[in-house]
Each structure stands twice: as C-alpha cells, then as structure tokens.
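A short write-up of the structure that comes next.
No experiment lies behind these values; they were computed from the predicted model shown. A, B, ... follow the sequence lines: proteins, then strands. Residue 1 opens every chain. Note that these values count all heavy atoms, side chains included, but never hydrogens, waters or copies made by symmetry.
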Amino acid sequence: MRSHYCGEVTEDLLDEQVELSGWVHRRRDHGGVIFIDLRDREGLIQVVFDPDESAAFQTADTVRSEYVLQIRGRVRRRPAGTENPELKTGQVDVYGQAIEVLNEAKTPPFQLTDTDVGEDVRLRHRYVDLRRPVMQQRLRDRARVTSAMRRFLDDQGFIDVETPMLTRATPEGARDFLVPSRLHAGSFYALPQSPQLFKQLLMMSGIDRYYQIVRCFRDEDLRADRQPEFTQLDIEASFVDEDQIMGLMEAMIRQLFRQILDVELPDPFPRMRYAEAMDRFGIDRPDRRIPLELVEVADLVTDVDFKVFAGPANDPKGRVAALRVPGGGEALSRGAIDDYTDFVARYGAKGLAYIKVNDPAQGREGLQSPILKFLPDAAVTGILERTGAEAGDIVFFGADKASVVNDALGALRVRLGHDMGLVADGWYPLWVVEFPMFEYDEQDQRYYSLHHPFTAPQVSDAASFRNGDPEQMLSRAYDVVLNGTEIGGGSMRIHNAAMQWAVFEALGIDAEQAREQFGFLLDALEYGAPPHGGIAFGLDRLVMLMTGAQSIRDVMAFPKTQNGSDPLMEAPAPVADTALQELHIRLRRTVNSGSE
RNA sequence: GGAGCGGUAGUUCAGUGGUUAGAAUGCCGGCCUGUCACGCCGGAGGUCGCGGGUUCAAAUCCCGUCCGCUCCGCCA
C-alpha cells in the first residue's frame, strides 16, 4: 500500500517508482495539469497529474481536500525554476500514474492551514485538528519526552510500577472524582489525585527506586494549565536525601532539554529559599526571566501619618513593598496605571500607589505622585535609595496583609515584565526549597500542610517537632520551577510512625480519624519503613513549555473544555436508570439531560 | 461561587435602533499545461447562540439563560 512516507520523498529516490498514501492537503487544477499536495505525518509531497495518464488524471479531477488517496508514480526532478524551497521534498515531485480514492471526505469544518480557529470547533473535530502539522509535532515531542524520561530512569535503576486507578478518597487536598461501587452499596472508590501513598508503600516494600508515568485526577475548576485528568512523572527513592534526589532529577531535566531541544541548562540548577522567593518575587515560583523585584519598605514608613502604609507596616502580618519599573514613568500613561490598579484588585489589593520619578536629583520637585503629600522627606528619599529609582522610572507600592501584597505585586511584576518587554529569552530553572510545613487557614481555624501531610519536617524527632512553633517550622520539600511555571515538586517523607502521628496532630487530625483514614500507612511505618523521598513532575506543563504551546490542552490529544466536558465524545453524559440502580444510586432531582 | 471578554455564512471577522446583514477565506460550477496561499469569471451559502422584554422598528438596547476562552476563589 505504501513504499514511503510522503515527507520522505527526496532526491534520493529520483526515477524510482513509489507508492504513497495520505490526505489531500491542497489541489491546484490548471485545466491541463493537476497538482495535488499529498500529506501524511511526515510531510507533504507534490503529485502531478497529466492528461497523458488519462485514467489517473480523471480521478485526480474529482478529489477534494482531505480525501484519502493511494497513488503510484515516478519521482522526478522538478523542472528548473519550479523547485519549492519551503518543502523538504521541494526539489522533486511525483509523476502520478495511478490513483485510488481510499475514502472521500466531507469538506473539513475548518481549513487545516488556518491558525486561529476557535478551540471548541477544533475539539469537536479533534481528529481533523490533530492532522495539522503543529499538533502532530507536539504529540511527537511529548512522546520523545516520555521516552527520554523512561530511558534515563531505566538506566538509573528505577522500576516502573503501576498503581491502582480505583482507590480511596482522601480527606485532605483536592476534591476527588468518585466511582460508585456496585458490589458495596453506598461505598465509593476515588480516582487518584496522585499515587502518593502507593509510592511510599512501594518504598516500604523494598522497591527502592520507583517511577511511573501516570494519570492523575482532581475535580477542581480548570485553567489554561489545569485539566481534570493530567499526567505526572511520579518518582520515589529510598535511602537517599534531598540533595541526591534533586541532583538526579535536574540531571534528567538537563538531558531532556539536551536531547529534545538541544538546549544546555545550568548545572547545577540555582536554589532559592521559599522565604527569599516570597520577599523578592511575591510568589513561590519566580519567573527569573523577568528582572523586576519587590523591595521591602515597611521599616521606612512605620511612623508616617499615611495609614494605608503605616497600618500594614506596623502589623506583624502586614507588608509594605515597592516595585520599581525602569522606564515605567515615561512609558505608562494614567490609563495604563488605572488598568494595573484594576489588575491588582483581582488579588485583593485595595489600590495601587505609585511614584513617577522624573528627576530624583530635584527631590520632591522631581517626583509625581498622589501619595507624595503623605510622605515625609526621609521616607521618600529612603524609598528612592532602596529601590534604586532613576529618572524615567515608576515605583509601585503594595501595602496590605503580606499575602495580598505578595499576590498582587507578584502578579503585577510578571504582567509588567511582559507589557514592558522585559522578559529575557531562554530557560531559567530554579529549585525552591525550605518551604514552611504548614499554613494557617483563617476560615477553618486550623493548619493545613503546604505540601501534603506526609512531608518530613526539618526537625528529625517527634518530641522536638511537638515543641516547635508550627508557624516557623520548615519542611524538607522542594519544587522545580521553570520560567515561572511549577513543573515539579516533592519532598522527603516521614518514615517514622511517631513523627507521622505528631504531624497529624498538628493538623488537627485526631487519633480516631488518623486510624480510620491512614491506618494502613501508620501500620506500614511500623513494619520497617526506609527513609525515602521523591518528586512528581507535571508532564503536560513541561511539554507545554518545551513546545511553546499556550495551554496544556494543546499537548493533550483529547482534552476537556473549561467546564470539564469533552465536545467530541460529549462526556459527561447521563446514564440509564438501570445503571444507576445497579450502583445503588438515586438522583436527588430529576436532571434535565437534554438528550431526549 | 465570582469577574472579564466573546458567540453574526463551513471558518475568521466587520456591522452600536431604520433598504434585501457584509468582507475574506472555504465550498459549488466554468475556463486555464508548472502551480505550490495558483489565477480569472460566475454562483450558492445566515434560527445574527437560545428565551423573554422595550420599541412603529432589534444582530444592535434591557433581563435571563446556555456555550467558549482568560482570570480570582479552588487546585495539600
């Protein structure tokens, strides 16, 4: 049926007979001669039909876009002057001698060469969308990435072990997807949010080095980089410490970039403490392509009459920070500043104070700002000195609870970086380390794990853990950040039952709950659990970055829309009453399915 | 749960109260022997997302609703 891929027909095959199969990419009918660009996954080749080959010519006259053809012909050098340097196969064409229509095709819902087709249309006809070379390339790059990962990990002695998809709901963390049990009336499986506990159990099972490229499920609202089902590269190892894991993992990422993109990443990856990341960038996944940084100025405004600044400056949970934007005083209009004010409001900021710096040498006269009149000279000069403001700059301020300032200015920093064209080219990987163990939830009046409840604290014995201040306690967790996207995260785990009990206690999980929900883990920890730790990478996000895609939907073959539905399969869908009965389920309300 | 943007021809879009709703591209027909975004001529193609309201008159204004995208919350 086929002797070569279309995209492989080059001068090497001159004068040879070839058989090709593929789709009609374009047809150009000149009356006396018909050109068909035949496309398969490897590329395009031009096939020429001439009236001398009467039967083939007549068939070629009837074919249309996306018809599936098999053709036979001879590879010829193109006449001088008609070569197409745009095509890999552009030095030759195929003189078509026979053509068979393997299948006709309706006119496609969109042109494959269009680049800005609506995503709903693309998803509904995904099988057409995926024929586009850019989508083919992304899927192939993804396959190369997973293949390279497997090669690396296999070489390092990691063992690929599958873990269950039907498992148990977990109380902490994301909302679970539930699967009703037919055999256990009223009970439910949950799809795994990640194989976290299974991989720890595998360490206790003596597997020593585990990995899995595994689907994970979280029933939360979607984003450009979040899907209800997504893929992790999940890894765990025993008898190692965090430096060994980080060292091995960054070696893997370096090899990946070398092999797939021919890019050399730094060795080692830089590391930054969580606290420093928050101070300087307002976020735990700083994008180091952007040179702007937050600067703390609370100590300069503790005594000013301006309550907007003085309040947070004197509040232990408050923060007053400045963000200097070089050239921003000249570049940003009043309207642009208003837009940024609206932008930071999304993160809870009540306003966006600023000082335009026209000429710092002139003191107050050289400045322009609605808040200038509230600030004494000492504060103003202190701010200008500390931020290093120069003529033409603008300095923005955030003053509020630290979390609001960090969210707002952290996001503004990224936004301004893009708007002002300050984003550097290239790849900036970064380890973020020394995360807090816990964060306090005001609403629930309790602590939650920043990572997860199995993360080891930096203190090594349960007694000193219990004596510690949960606010100050640090964990042995680490995240990998690439260009402002968290691509992976992990930690050393608790491998000692007493410590695990103590952490549950700190989280307000009482003994009965702990037994009921995590009894198996607590037991396993008492049967000889080795020290262990690991990491999980978000494969979709990593491939998105590596391929330059704007959303992880573009690196998944069949993604869901923002409301979690699949326009192609039309999932989710109602099921028959009999199916519900078998599952011991009655709907609370008759739901209008719209499918009747 | 909330905010913003969008929904008009197959597709991408224009059309801010008043003629028969347009353009590009695609599609169909005709012509064309070297094009490759082929060209030229002609043609077909519309539930202006859906429902209600205001008005002499609604794609256009108002209310509701559905769908898509981006973001906040959420996502250990």
TODO: Identify whether any heavy atom of A/Thr455 sits under 4.0 Å from a base atom; if not, whether one sits that close to sugar-phosphate; answer base, sugar-phosphate or nothing.
DONE: nothing

- [ ] Identify whether any heavy atom of A/Pro453 sits under 4.0 Å from a base atom; if not, whether one sits that close to sugar-phosphate; answer base, sugar-phosphate or nothing.
- [x] base

Open item on the list: Among residues at least two apart in sequence or on other chains, which ones pass side chain to side chain contact (heavy atoms under 4.5 Å, CB included) with A/Asn496?
Closed with: A/Ala498, A/Met499

- [ ] Mind checking A/Ser565 for me? I need base, sugar-phosphate or nothing, with any heavy atom below 4.0 Å counting as a touch.
- [x] sugar-phosphate

Task: Phosphate-side-chain proximity, A/Arg122 and B/C69, N/O vs OP1/OP2 below 4.0 Å - done: no

TODO: Could you tell me whether A/Phe49 and A/Phe57 have their ring centroids closer than 6.0 angstrom?
DONE: no

Open item on the list: Within the 4.0 Å limit for protein heavy atoms, which parts of nucleotides 34-40 of chain B are touched? Write it as a string from 5' to 3', B for base, S for sugar-phosphate only, - for none.
Closed with: BBBSB--

Open item on the list: Checking base pairs now: Watson-Crick or wobble, both atom distances under 3.5 Å. What partners B/G45?
Closed with: none

Open item on the list: For the residue pair A/Tyr274 / A/Asp479, report whether a side-chain donor-acceptor contact shorter than 3.5 Å exists.
Closed with: no

Task: Close approaches to RNA chain B from residues 482-495 of chain A, in residue order (heavy atom, under 4.0 Å) - done: none

Open item on the list: Quick check for you: among B/U70, B/G10, B/G73, whose closest atom lies nearest to any side-chain atom of A/Arg226?
Closed with: B/G73

Task: Donor-acceptor pair under 3.5 Å, A/Asp221 side chain vs B/G73 base - done: yes

Task: Same-atom distance (P) from B/G73 to B/G26, integer angstrom - done: 45 Å

Which donor-acceptor pairs under 3.5 Å do the side chains of residues 103-111 of chain A make with protein atoms, sequence neighbours left out?
none

Task: Nearest-Å distance once atom C1' is located in both B/G39 and B/U25 - done: 16 Å

TODO: Pick out which of A/Glu242, A/Met272, A/Met249 makes a side-chain contact (heavy atoms from CB on, under 4.5 Å) with A/Trp431.
DONE: A/Met249

Which pairs of donor and acceptor atoms, one on a side chain in residues 564-574 of chain A, lie under 3.5 Å apart (sequence neighbours left out)?
unit_1: A/Ser565; atom_1: OG; unit_2: A/Thr561; atom_2: OG1; d: 3.1
unit_1: A/Ser565; atom_1: OG; unit_2: A/Asn563; atom_2: OD1; d: 2.7
unit_1: A/Asp566; atom_1: OD1; unit_2: A/Leu568; atom_2: N; d: 2.8
unit_1: A/Asp566; atom_1: OD1; unit_2: A/Met569; atom_2: N; d: 3.3

TODO: Using the P atom as the reference point in each nucleotide, state the distance between B/C27 and B/G10 in Å, no decimals.
DONE: 14 Å

- [ ] Report yes if a side-chain nitrogen or oxygen of A/Thr107 is closer than 4.0 Å to either non-bridging phosphate oxygen (OP1 or OP2) of B/C28; otherwise report no.
- [x] no

Task: Upstream residue (5' side of RNA chain B) when A/Phe454 and A/Gln550 are each assigned their closest nucleotide - done: A/Gln550

TODO: Assess the side chains of A/Thr170 and A/Arg168: does a donor N or O sit below 3.5 Å from an acceptor N or O?
DONE: no

TODO: Just call it for A/Glu172: base, sugar-phosphate, or nothing, with non-hydrogen atoms closer than 4.0 Å on any strand.
DONE: nothing

Task: Shortest side-chain distance from A/Arg218, nucleotide among B/C67, B/C75, B/C69 - done: B/C75

Open item on the list: Using heavy-atom distances to pick each residue's nearest nucleotide on RNA chain B, tell me which of A/Val117 and A/Thr561 is more 5'.
Closed with: A/Val117

Open item on the list: Which residues pass the ring pair (Phe, Tyr, Trp, His ring centres under 6.0 Å) test with A/Tyr448, not counting sequence neighbours?
Closed with: none

- [ ] Tell me which nucleotide among B/G68, B/C71, B/C28 gets nearest to the side chain of A/Arg64.
- [x] B/C28

Open item on the list: Base, sugar-phosphate or nothing for A/Asp116? Non-hydrogen atoms, less than 4.0 Å.
Closed with: sugar-phosphate

Open item on the list: Regarding B/G73, can its base be found pairing with the side chain of A/Arg223 as donor and acceptor, where the two atoms are less than 3.5 Å apart?
Closed with: yes

TODO: Could you work out the separation of B/A24 and B/U16 based on their C1' atoms and round it to a whole Å?
DONE: 23 Å

- [ ] Measure from the side chain of A/Phe110, starting at C-beta and using heavy atoms only, and say which of B/C27, B/U11, B/G68 lies closest.
- [x] B/U11

